[in-house]
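Notes to accompany the following structure.
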Amino acid sequence: SSDENKYICFDPTKFTASKQVTFNGITTSCDQWIDDAQGSGQVFYGITFNSTFDAYADNLAWSVQNGLKMYAGPYGGNGLDCCSDGKSAVFKNYTYFCQDPNDWMPDKTYSGTETGGNVTTCTQLVESISDLNTQDLTTSWSCDNKSSAIVQEVQYVGAAKWGCCGSSKKSACWVDYSNICLDPADYEVGKWYTWNDDDGTSGTSPCDLVLASQSSPGQPFHGIDLSQPWSCDVSAEFRQSVQGFAETGCCGSSNKTACHADPPSANTTLPPPPQSPVSIPPPPPPPPPPP
């Protein structure tokens, strides 16, 4: 009954028991769909939905978690949307993905090469990548000492490219490199630029990533805190290399870095950052409908 089935929703009051849903050519109410899904051999077989149902404490199988998401929400276009806010009992709010938890946009969608063309939400980004779904982003979380893969997935992909942290584009893994520019306010957080290598290859990378790679040991910016004002009084070659960064457009239309007094050499370019493409698996196929 609807009094019990409502507990598939994060907020039981959002359950739309009488909503008529067509799935695989069959039309019936949300209430009936869930009753049928509790039958023998079905995705919710053996599960009782009532006030004691705890989707987290019960350590549900992955297939059941996906079933709850599919029946409750849009599920990448394959869901039944039986919870009016789209949130199932296994919903988690990964607010600490962002530097400011208020910036987190769980339902923000993205479609691109990383998703194989599938429309994917920021919540699905977190839950589908093994590096991330083992992190508890529902509570205060630090990116300190995390792997480069996690940094890339959180800041360069999730925040900068997908917009999961809104217009700020600042995740919990964001590092302030703004003082690379003469006016720190010119630095474009999350901007992706096109690079061209000497061998003819090209690609796109976020400004943050090229500065992160150039700040590693043995690289030009190692030991320089680009979150603070700093002196460019090093060597002419170094100043030219820094000003060459302006060609990326990461300092906005001014094209002025902290070393802007020295025009870039025609032959000076920053090497492309290391590439670690992130591939986001599509949502798993929905469970088969009850007979």
Side-chain angles (χ1 to χ4, degrees), residues 56 59 62 90-106 108 110 114-115 120-181 184 187-193 195 203-230 242 245 248 250 258 270-281:
Y56 303 115
N59 194 24
W62 187 249
V90 291
F91 171 77
K92 290 184 178 181
N93 203 13
Y94 303 111
T95 54
Y96 289 91
F97 183 99
C98 301
Q99 183 189 58
D100 181 348
N102 294 315
D103 287 342
W104 170 241
M105 301 180 70
K108 178 78 165 55
Y110 176 84
E114 301 92 340
T115 67
T120 307
T121 67
C122 291
T123 294
Q124 288 173 325
L125 168 71
V126 173
E127 294 179 346
S128 62
I129 298 179
S130 58
D131 289 325
L132 294 185
N133 62 28
T134 57
Q135 305 291 317
D136 186 1
L137 298 172
T138 65
T139 188
S140 185
W141 181 82
S142 171
C143 199
D144 291 348
N145 301 316
K146 296 299 189 293
S147 68
S148 59
I150 287 178
V151 173
Q152 175 160 332
E153 291 151 4
V154 173
Q155 175 58 33
Y156 308 141
V157 176
K161 195 165 190 177
W162 289 33
C164 295
C165 296
S167 58
S168 77
K169 298 185 178 181
K170 296 178 181 179
S171 74
C173 295
W174 174 72
V175 175
D176 184 1
Y177 296 114
S178 61
N179 280 272
I180 188 68
C181 301
Y187 184 69
E188 299 200 19
V189 176
K191 177 183 174 65
W192 283 64
Y193 73 95
W195 52 265
T204 59
S205 292
C207 299
D208 289 349
L209 179 55
V210 71
L211 287 172
S213 66
Q214 293 295 301
S215 298
S216 58
Q219 299 302 315
F221 301 141
H222 180 60
I224 298 175
D225 183 359
L226 294 176
S227 70
Q228 302 292 329
W230 59 287
V242 173
F245 181 76
T248 64
C250 295
L270 289 173
Q275 298 298 297
S276 300
V278 174
S279 177
I280 312 301

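The first residue in the sequence is number 1, and the count goes up from there.
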Item checked: Least distance between heavy atoms, G190 atom then D208 atom -> N-OD2, 4.2 Å
Note to self: Quick one, W104 and L137 - any side-chain contact, counting heavy atoms below 4.5 Å?
What the structure shows: no
Note to self: Taking salt bridge (Lys or Arg N to Asp or Glu O under 4.0 Å) as the cut-off, I'd like each qualifying pair that reaches into residues 132-147, sequence neighbours left out, listed once.
What the structure shows: none
Next item on the list: Compute whether any side-chain donor of one residue and acceptor of the other, for W230 and N179, lie under 3.5 angstrom apart.
Entry: no
Next item on the list: Measure across C122 and M105 and return the closest heavy-atom pair with its distance rounded to 0.1 Å.
Entry: CB-O, 3.4 Å
Check: Should Y187 and L211 count as side-chain neighbours, where that means a heavy-atom distance under 4.5 Å?
Finding: yes
Notebook entry, point to check: Where is the tightest heavy-atom contact between G158 and F97, given as atom of each residue plus distance?
Noted result: CA-CZ, 3.9 Å
Check: Once you round to the nearest 0.5 Å, how far does OG1 of T123 lie from CG of N93?
Finding: 7.5 Å
Checklist line | From CG (L209) to CH2 (W192), nearest 0.5 Å | finding: 7.5 Å
Check: Between L132 and I150, does a side chain to side chain contact (heavy atoms under 4.5 Å, CB included) hold up when you go through it step by step?
Finding: CA-CA 7 Å; L132 294 185; I150 287 178; 4.1 Å; yes
Margin query: Once rounded to the nearest 0.5 Å, what's the spacing between atom CD of Q155 and atom OG of S171?
Written below: 3.5 Å
Note to self: Taking side-chain contact (heavy atoms from CB on, under 4.5 Å) as the definition, give me every residue that meets it alongside D176, ordered by chain and number, with sequence neighbours left out.
What the structure shows: W174, S178, S227
Item checked: Least distance between heavy atoms, V151 atom then C173 atom -> CA-SG, 4.1 Å
Margin query: Using a 3.5 Å distance criterion without hydrogens, assess whether the side chain of Q214 forms a donor-acceptor pair with backbone atoms of Q219.
Written below: no
Check: If we ignore angles and hydrogens, is there a donor and acceptor under 3.5 Å between the side chains of Y94 and Q135?
Finding: no
Next item on the list: Compare the SG-SG distance of C207 and C250 against 2.5 Å and report whether it is shorter.
Entry: yes
Note to self: Taking atom NZ as the centre, does K161 end up with more than 12 heavy-atom neighbours from other residues, nucleotides or ligands that are less than 6.0 angstrom away?
What the structure shows: yes
Next item on the list: Kindly give the heavy-atom pair with the smallest separation between Y96 and A172, and that separation in Å.
Entry: O-CB, 3.5 Å
Notebook entry, point to check: Is there a donor-acceptor pair closer than 3.5 Å between any side-chain N or O of Q99 and the backbone N or O of K169?
Noted result: no
Next item on the list: Could you tell me if the ring centre of Y110 sits under 6.0 Å from that of W162?
Entry: yes
Check: Could you go step by step and tell me if Y193 and V210 meet the side chain to side chain contact (heavy atoms under 4.5 Å, CB included) rule?
Finding: CA-CA 10 Å; Y193 73 95; V210 71; 3.5 Å; yes
Checklist line | The single option from N133, L125, V126 passing side-chain contact (heavy atoms from CB on, under 4.5 Å) against I129 | finding: L125
Note to self: Using the side-chain contact (heavy atoms from CB on, under 4.5 Å) criterion, which residues pair with S168? Sequence neighbours excluded.
What the structure shows: D103, C165, K170
Notebook entry, point to check: Which atom pair, heavy atoms only, marks the closest approach of Q124 to S128?
Noted result: O-OG, 2.7 Å
